[in-house]
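Okay, so here's the structure we're looking at.
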Number of protein chains: 2
Amino acid sequence: MSGDTTAPARRRTYHHGDLRRALVDAAKTIVADEGAEAFTLREAARRVGVNHRAVYRHFADKDALLAALAEEGFQTLVAEARAAIARERGGDARLLAMGRAYVAFAAQHPAFFRVMFGPRLNEDGRFPSLEVPIGEAFTLLETEIAAARAERGAAVADPEQRRDDAIALWAAMHGLALLLLMRRVRVKRPLLPAYCDRVLGPTVRGLLSSAK
Amino acid sequence: MSGDTTAPARRRTYHHGDLRRALVDAAKTIVADEGAEAFTLREAARRVGVNHRAVYRHFADKDALLAALAEEGFQTLVAEARAAIARERGGDARLLAMGRAYVAFAAQHPAFFRVMFGPRLNEDGRFPSLEVPIGEAFTLLETEIAAARAERGAAVADPEQRRDDAIALWAAMHGLALLLLMRRVRVKRPLLPAYCDRVLGPTVRGLLSSAK
DNA sequence: ACCTGAACACCGTTCAAGT
DNA sequence: ACCTGAACACCGTTCAAGT
């Protein structure tokens with residue numbers, strides 16, 4: 001209803017003006033409300049009031065729509081991790097804050113998180129745009145770990161060491177997130193940040209103590 | 001062909017004598033050969049040469065068949081972890097061996113591993129038998145970590161600390177396994193054990209150093 | 001007790017049109 | 001350029017039989 005007078009009957013073209021956007025949003029809603037399995041192309045099309053075949057004008061197939069979803073998810077995840085880090089001073093505090101943000105995202109959007117990591121979405125290198133936010137996240141990890149180690153007066157790590165360290169922390173965060181989603185661990189929401197610190201603490205300590 | 005003379009025409013009852021077993025095996029083969037998505041009830045039935053409806057005589061639904069699969073997977077995983085541990089002396093060496101075994105299992109049976117952990121298989125507590133091998137694995141983790149810490153003269157940890165420690169190591173192993181399956185990390189097969197040690201090293205060190 | 005057959009309500013995807 | 005409609009080959013699951 002905004003701009004009703006300035007651009008009156010502009011929307012009459014055919015349907016949405018941005019069906020692509022509408023489909024991604026619908027897919028997000030379905031996943032959030034009904035779970036990852038409930039998402040189908042036909043249901044997404046139904047929700048935006050369009051023939052299911054119209055989807056193919058904007059996405060090559062079902063996986064392409066899922067990839068678009070995942071891409072936005074990774075962007076959000078990185079943004080939240082950055083924000084969490086920015087609130088902290090001190091290397092280890094920043095690393096733990098990143099872990100809390102990662103796990104909190106998974107806990108708040110469990111089905112969405114599963115879509116992002118669940119299907120073998122980009123194993124074959126389709127959807128290269130997915131790599132952008134993931135690469136950013138990885139660089140963020142590397143940088144923060146290196147900074148935390150430098151803070152402790154450690155020697156500068158070589159690139160391979162930096163990669164391995166980033167993988168170590170990513171693995172710990174990711175594994176913890178999944179164990180929580182699988183309910184292998186149950187933690188009440190308000191206790192979650194403290195729990196993350198307890199569980200990720202050893203890994204962070206190990207990463208920084210190897211700095212001797 | 002064993003026992004051909006002692007029990008000649010015994011198998012003529014109707015079909016398999018053990019259709020359940022045959023279905024689980026067929027499902028395993030499908031998953032291993034064609035991937036987790038390729039598995040369908042109808043395809044499994046087809047492979048054992050039976051009407052797809054016959055499956056329902058042995059499994060309540062598709063998830064029940066998947067659960068049977070997963071259960072055997074967890075049993076194998078625990079057995080391999082135990083065997084790997086048994087070959088090592090020294091607490092940290094045993095923890096790292098467990099990590100290598102866990103990751104090696106995932107690398108050798110990627111699709112199987114995804115079935116075991118992928119669908120929200122036992123979130124709701126259906127299939128309680130699944131909890132048996134998983135519980136064993138968790139106890140193994142707890143025990144080995146506690147032993148490694150005791151070896152270093154650490155005080156005995158309280159139950160909550162033991163649980164948190166086990167989760168920390170499980171998360172690290174599981175996360176690493178998944179990052180490898182997603183090809184977020186690429187490691188050539190012969191280098192995998194050494195890579196596991198490098199990546200899980202910080203977590204193991206962190207767990208044991210907190211023992212002060 | 002164990003298996004079959006036809007049927008139902010769903011999929012993703014293709015082909016050939018409609019505006 | 002963008003969307004529709006009918007059709008195809010698949011699902012999991014239910015109902016009602018067959019041996």
Side-chain angles (χ1 to χ4, degrees), chain A residues 9-27 29-31 33-70 111 114-115 118-121 124 126-127, chain B residues 9-27 29-31 33-70 111 114-115 118-121 124 126-127:
Chain A
R10 227 256 193 129
R11 166 72 30 97
R12 261 186 47 253
T13 61
Y14 218 124
H15 257 113
H16 294 85
D18 201 350
L19 179 55
R20 189 196 145 91
R21 180 71 261 145
L23 284 169
V24 173
D25 287 340
T29 309
I30 295 166
V31 168
D33 293 355
E34 329 263 344
E37 326 68 39
F39 163 70
T40 64
L41 284 188
R42 292 170 108 113
E43 176 62 21
R46 232 173 266 134
R47 294 223 180 179
V48 306
V50 104
N51 185 285
H52 65 275
R53 274 283 359 209
V55 178
Y56 289 89
R57 194 55 54 175
H58 298 275
F59 299 97
D61 54 23
K62 192 187 181 188
D63 278 347
L65 212 176
L66 278 179
L69 218 84
R114 286 205 111 111
V115 168
R120 305 160 321 173
L121 207 47
D124 48 1
R126 239 186 121 192
F127 317 124
Chain B
R10 227 257 193 127
R11 166 73 28 96
R12 262 185 48 256
T13 61
Y14 217 125
H15 256 112
H16 293 86
D18 200 350
L19 179 54
R20 191 195 144 91
R21 182 69 262 148
L23 284 169
V24 173
D25 287 341
T29 308
I30 295 167
V31 168
D33 293 355
E34 329 262 344
E37 325 70 37
F39 163 70
T40 63
L41 284 188
R42 292 170 108 112
E43 176 61 21
R46 233 173 265 135
R47 294 224 182 179
V48 306
V50 106
N51 185 285
H52 65 276
R53 275 281 2 209
V55 177
Y56 288 89
R57 194 56 52 175
H58 299 275
F59 299 97
D61 53 22
K62 193 187 180 186
D63 277 347
L65 212 175
L66 279 179
L69 218 83
R114 286 206 109 110
V115 168
R120 303 161 321 176
L121 209 45
D124 48 1
R126 241 187 119 191
F127 317 124

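Residue numbers start from 1 in every chain, and the chains themselves are labelled A, B, ... in the order their sequence lines are given, proteins ahead of strands. Quick caveat, the model's predicted, so the values are computed rather than measured.
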Between CG on residue D25(B) and CZ on residue R47(B), distance to nearest 0.5 Å = 12.0 Å

How many angstroms lie between atom OG1 of T40(B) and atom CZ of R42(B), to the nearest 0.5 angstrom?
-> 8.0 Å

Is any NZ, NE, NH1 or NH2 atom of the basic residue among K62(B) and E37(A) found under 4.0 Å from an Asp or Glu carboxylate oxygen of the other?
-> no

Distance check needed: [N] [atom2] versus [X] [atom1], whole Å only.
X	N	atom1	atom2	answer
N51(A)	dA6(D)	CG	C1'	10 Å
H58(B)	dG12(D)	NE2	C1'	18 Å
R46(B)	dG12(D)	CZ	C1'	12 Å
D61(B)	dC11(D)	CG	C1'	14 Å
E43(B)	dG12(D)	CD	P	10 Å
E37(B)	dG12(C)	CD	P	15 Å
L65(B)	dT13(D)	CG	P	11 Å
L66(B)	dT13(D)	CG	P	10 Å

Below 4.0 Å: OP1/OP2 of dT13(D) and any side-chain N or O of Y56(B) = yes

Within the pair R20(A) and dC3(D), is there a side-chain N or O less than 4.0 Å away from OP1 or OP2?
-> no

Using the side-chain heavy atoms of [X], tell me which of these nucleotides is nearest: [options].
X	options	value
R57(B)	dT13(C), dT13(D), dC2(C)	dC2(C)
R53(A)	dC3(C), dT13(C), dG5(D)	dG5(D)
L41(B)	dG12(D), dC3(D), dT13(C)	dG12(D)
R42(A)	dT4(C), dA7(D), dT4(D)	dA7(D)

Nucleotide opposite dC10(C) in a Watson-Crick or G-U pair, distances under 3.5 Å = none

Any strand is fair game: report the nucleotide pairing with dG5(D) by Watson-Crick or G-U wobble, both distances under 3.5 Å, or none.
-> dC15(C)

Looking at A26(B) and A44(B), what are the two nearest heavy atoms and their distance?
-> CB-O, 4.1 Å

Only one of L41(A), V48(A), D61(A) forms a side chain to side chain contact (heavy atoms under 4.5 Å, CB included) with V55(A), so which one is it?
-> L41(A)

Report yes or no: is there a donor-acceptor pair, N or O only, under 3.5 Å between the side chain of H52(B) and the base of dT13(D)?
-> yes

